[in-house]
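For the numbers below, each heavy atom of this structure counts, side chains included, while hydrogens, waters and symmetry mates do not. In this chain, residues are counted from 1 in sequence order.
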Amino acid sequence: TMPYTVFISHAVGSEDYPLVTTISTLLWQNGIQAFVAEWMPQYGTSVDQKVAAQIDASNAVLAIITNNYSRASFANQEIGYAKAKERLIIPLVETGVNVTGFLYGLDRVEFNRTNIMDAAKKLIAFLRTKAHEKERDEQLGNLILIGLGIWILSEISKSTSAARRS
């Protein structure tokens, strides 16, 4: 099965970078692939195309919301794109920061920079549950395809036998 993947939307070039690195590392350590756009250069590809492709390939988008995030117009566009693509969007919101736009009203995980681990534990537990659900759904889909394949083969076999008899 494909691993559970999360695109991390964040304010680029800010003091949020250590936070992004910490969260991403924790996700990877817990079997969840984390995409951070600037860590995967695709020379010759526009940034918006690269980000769109990474969101398309992700199961969820984690928006790390800080005061810097609300000023990052590109980050807000990432959320709009993820919403249009019907991706699960999980706001990880710094205590005291107002949530606006597409993120307003979504259930969120709050964090405090001095103790990110509490929020990270909640986030990882939730994402692990989503990963298990995805795996179960993929296995169910595979069983349905196998059953369908067996039925088709039996129908072909029946029609071949009937043709031989006549």
Side-chain angles (χ1 to χ4, degrees), residues 1-139 141:
T1 59
M2 298 290 295
Y4 199 80
T5 57
V6 176
F7 177 82
I8 298 180
S9 178
H10 65 98
V12 178
S14 70
E15 65 267 15
D16 295 350
Y17 200 70
L19 184 62
V20 171
T21 305
T22 300
I23 294 295
S24 175
T25 301
L26 289 168
L27 292 177
W28 277 98
Q29 288 171 346
N30 284 277
I32 298 160
Q33 287 187 356
F35 287 134
V36 177
E38 59 270 30
W39 293 354
M40 301 174 174
Q42 294 174 3
Y43 305 110
T45 303
S46 70
V47 174
D48 59 339
Q49 286 176 321
K50 178 175 77 168
V51 167
Q54 288 182 352
I55 291 172
D56 289 344
S58 295
N59 301 108
V61 173
L62 175 65
I64 300 179
I65 312 298
T66 62
N67 281 320
N68 300 311
Y69 191 90
S70 57
R71 294 189 293 270
S73 62
F74 203 85
N76 288 312
Q77 290 175 21
E78 291 168 355
I79 297 307
Y81 183 82
K83 188 169 177 62
K85 291 295 181 170
E86 299 181 345
R87 292 297 178 268
L88 172 65
I89 301 169
I90 307 161
L92 180 63
V93 182
E94 186 169 18
T95 304
V97 174
N98 287 330
V99 177
T100 59
F102 286 127
L103 296 167
Y104 182 78
L106 292 180
D107 280 346
R108 58 176 147 185
V109 178
E110 279 207 18
F111 77 92
N112 180 319
R113 283 182 198 256
T114 57
N115 187 8
I116 189 67
M117 289 310 290
D118 283 349
K121 285 176 190 168
K122 288 179 195 168
L123 178 66
I124 288 164
F126 176 75
L127 289 172
R128 278 185 162 164
T129 300
K130 297 307 267 178
H132 290 304
E133 288 172 5
K134 176 183 175 273
E135 191 174 322
R136 185 196 63 222
D137 291 349
E138 285 174 356
Q139 289 171 347

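Rounding to the nearest 0.5 Å places CG of Leu62 at 10.5 Å from NE2 of His10. Atom NZ of Lys122 and atom CG of Leu127 lie 14.0 Å apart (nearest 0.5 Å). Of the inter-residue distances, the one linking Lys134 atom NZ with Leu88 atom CG reads 13.0 Å to the nearest 0.5 angstrom. To the nearest 0.5 Å, atom OG of residue Ser9 and atom CD of residue Gln54 are 11.5 Å apart. Taken to the nearest 0.5 Å, the CG atom of Leu26 stands 5.0 Å off from the CD1 atom of Ile124. Taking CD1 from Ile8 and CD from Glu78, the interatomic distance works out to 11.0 Å, rounded to the nearest 0.5 Å.
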With side chain to side chain contact (heavy atoms under 4.5 Å, CB included) as the test, would you mind laying out the steps for Tyr4 and Gln33 before giving the verdict? CA-CA 6 Å; Tyr4 199 80; Gln33 287 187 356; over 6 Å; no
Please lay out, stage by stage, how Ile64 and Asp16 fare under the test side chain to side chain contact (heavy atoms under 4.5 Å, CB included). CA-CA 9 Å; Ile64 300 179; Asp16 295 350; 5.6 Å; no
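The two residues Ile79 and Ile89 have their closest heavy-atom pair at O-CD1, 3.8 Å. Across every non-hydrogen atom of Ile90 and Ala60, the tightest pair is CD1-CB, 4.4 Å. For the residue pair Ser24 and Ala34, the shortest heavy atom distance occurs at OG-CB, 3.6 Å.
For Lys130 and Glu133, the salt-bridge test passes: some basic side-chain N is under 4.0 Å from an acidic carboxylate O.
Between the side chain of Asn30 and the backbone N or O of Ile32 there is no donor-acceptor pair closer than 3.5 Å.
Side-chain contact between Ser58 and Thr5 is present, with heavy atoms from C-beta onward closer than 4.5 Å. At least one side-chain heavy atom of Phe111 sits less than 4.5 Å from a side-chain heavy atom of Thr66. You'll find the side chain of Tyr81 reaches within 4.5 Å of the side chain of Asp56, heavy atoms only.
Here the rule is side chain to side chain contact (heavy atoms under 4.5 Å, CB included) with Ile23, and of Val20, Thr21, Thr25, Leu27 only Leu27 fits it. The side chain to side chain contact (heavy atoms under 4.5 Å, CB included) test with Val109 singles out one residue from Leu92, Asp118, Val93, Ile65, and that residue is Leu92.
Evaluation of the salt bridge (Lys or Arg N to Asp or Glu O under 4.0 Å) test over residues 83-110, restricted to residues two or more places apart or in two chains, returns Glu94-Arg113.
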